Amino acid sequence: MIAIIDYGVGNLFSLKSSLAHLGQEAVVTADPAVIRAADRLILPGVGAFGDAMAKLTATGLVPVIQEEAQKKPLLGICLGMQLLFEKSYEYGEHAGLGFVKGEVCPLEPDLADKTLKVPQIGWNALHILKDDPLFRYIREGEYVYYVHSYYGKHCAESTLAVSDYSLPVTGVVRAGKVYGTQFHPEKSGDTGLRILKAFSEL
């Protein structure tokens, strides 16, 4: 069973639907007992880092997530991936969950091509830097769907894949059993489904 952690941030329905399409039992929950009983965890998220971190902290689930992620696979998606980092500089400086070494920084100042729009919205090719079981069913260069204005930096040791947006945007990270995707697998068509399938088999 996969527990989708519900802390009031994110469109959880499309994610649950994608997992159901794969034949995976998924439960949207904020119940620590259900999270502890799950085989895998997904931390979704949309919006601003500080607000999301405050909401997650208010649920009391942060220690539960930190404990359970030592034992079972956890996947952070979009803002959920950013929350895995040590800190973010979105509207100030905010501490994250600290699974992934590095920080979340604004995309715009780092763009080599200033004509590119921020947020990055749309499809982009995924370039695999390090082989991993998460990529079991996908090939180099497949397209995934992004919506973001901030990205993970100074995280080379954890970075598994990037996408080019006039700079290498951190696309997938891993630290132990903890994974993160900056893109939305549940909005990335068949490629995204294959990534979720691989996650469900970790």
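Nothing here was measured: the structure is a model prediction, and the numbers come from that model.
Between Pro73 and Asp39, the shortest heavy-atom distance links the atoms CD-O, 3.7 Å. Shortest non-hydrogen contact noted between Tyr7 and Ala52 is CE1-O, 3.6 Å. Pro109 and Pro106 make their closest contact through CD-O, 3.5 Å (heavy atoms, listed as atom of the first residue, atom of the second, distance). Val173 and Thr170 get closest at one heavy-atom pair: CG1-CG2, 3.5 Å. The two atoms that bring Ala112 and Ser166 nearest to each other are N-OG, 2.9 Å, heavy atoms only. When all heavy atoms of Thr181 and Met81 are compared, the pair lying nearest together is C-SD, 3.4 Å.
A donor-acceptor pair is defined here as one N or O able to donate and one able to accept, closer than 3.5 Å; such a pair exists between the side chain of Arg174 and the backbone of Gly176. The main-chain N or O of Arg36 is found under 3.5 Å from a side-chain atom of Lys72 such that the two form a donor-acceptor pair. The closest donor-acceptor contact from the side chain of Glu86 to the backbone of Gly102 lies under 3.5 Å. Side-chain N or O atoms of Arg40 include none that pairs as donor or acceptor with a backbone N or O of Ile2 at under 3.5 Å. A side-chain donor-acceptor contact under 3.5 Å links Ser163 to the backbone of Ala125. Judged by distance alone, the side chain of Lys187 and the main-chain N or O of Val144 form no donor-acceptor pair under 3.5 Å. Judged by distance alone, with hydrogens and angles left aside, the side-chain atoms of Glu140 form a donor-acceptor pair with the main-chain N or O of Ile128 at under 3.5 Å. Listed for the Gln82 side chain is no donor-acceptor partner under 3.5 Å among the backbone atoms of Val104. A donor-acceptor contact shorter than 3.5 Å links the side chain of Ser188 to the backbone of Tyr145.
Within the model, atoms CD of Gln24 and NZ of Lys197 stand 8.0 Å from one another, a figure rounded to the nearest 0.5 Å. Between atom CZ of residue Phe199 and atom CZ of residue Arg136 there is a gap of 12.5 Å, rounded to the nearest 0.5 Å. With rounding to the nearest 0.5 Å, the separation of CG in Asn124 from CD in Gln182 is 11.5 Å. The line from CZ of Phe135 to CZ of Arg194 is 13.0 Å long, rounded to the nearest 0.5 Å. Distance check, rounded to the nearest 0.5 Å: CG of Leu12 to CG of Asp6 gives 5.0 Å. Going from atom CD1 of Ile4 over to atom CD1 of Ile35 covers 11.5 Å, rounded to the nearest 0.5 Å.
A single hydrophobic cluster is seen to contain both Leu56 and Leu41, as judged by linkage of ILVMFWY side chains at heavy-atom distances under 4.5 Å, directly or through other members. Hydrophobic clustering of Ile, Leu, Val, Met, Phe, Trp and Tyr side chains at less than 4.5 Å, counting indirect connections, unites Phe85 with Val46. Cluster membership check: Leu43 does not share its hydrophobic cluster with Tyr146, using side-chain heavy-atom separations under 4.5 Å among Ile, Leu, Val, Met, Phe, Trp and Tyr. Leu193 and Trp123 sit in two unconnected hydrophobic clusters of ILVMFWY residues. Membership requires side-chain heavy atoms under 4.5 Å apart, directly or through other members. Linking Ile, Leu, Val, Met, Phe, Trp and Tyr whenever their side-chain heavy atoms come within less than 4.5 Å leaves Ile42 and Val100 in two separate clusters.
Counting heavy-atom neighbours within 6.0 Å of Glu108 CD, excluding the residue itself, gives a total of 12 or less. Within 6.0 Å of NZ in Lys117 there are 12 or fewer heavy atoms belonging to other residues, nucleotides or ligands. By the neighbour-count criterion of 12 heavy atoms within 6.0 Å, atom OH of Tyr137 is densely surrounded, having more than that number from other residues, nucleotides or ligands. Annotation for Lys101: atom NZ does not count as buried by contact number, only 12 or fewer foreign heavy atoms lying within 6.0 Å.
The stretch residues 151-168 participates, sequence neighbours left out, in these salt bridge (charged side-chain N to carboxylate O under 4.0 Å, His left out) pairs: Asp110-Lys153.
Residues Leu15 and Val28 are not in side-chain contact: their nearest non-hydrogen atoms beyond the backbone lie 4.5 Å or more apart. Side-chain atoms of Pro32 and Leu61, non-hydrogen and from C-beta on, do get closer than 4.5 Å to each other. Side-chain contact between Val64 and Thr59: absent, with no pair of heavy atoms (C-beta onward) separated by less than 4.5 Å. Tyr143 places none of its side-chain heavy atoms less than 4.5 Å from the side chain of Thr191. You'll find the side chain of Ser200 stays beyond 4.5 Å of the side chain of Leu22, heavy atoms only. Within the 4.5 Å cutoff, the side chain of Lys177 has no heavy atoms near those of the Lys71 side chain. With a 4.5 Å cut-off on side-chain heavy atoms, His148 and Leu79 do not count as touching.
Classified by interplanar angle (parallel below 30°, tilted 30° to 60°, perpendicular above 60°), the ring pair Tyr150/Tyr91 is tilted.
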For this session: Could you give me the CA-CA distance, side-chain angles and deciding distance for Lys16 and Val27, then say whether side-chain contact (heavy atoms from CB on, under 4.5 Å) is met?
Result: CA-CA 8 Å; Lys16 190 178 180 191; Val27 178; over 6 Å; no
For this session: Evaluate the criterion side-chain contact (heavy atoms from CB on, under 4.5 Å) for residue pair His21 and Leu196; output intermediate values, then yes/no.
Result: CA-CA 11 Å; His21 181 75; Leu196 288 173; over 6 Å; no
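Here the options are Leu74, Val178, Leu84, Leu83, the test is side-chain contact (heavy atoms from CB on, under 4.5 Å), and the partner is Ile65; only Leu74 passes.
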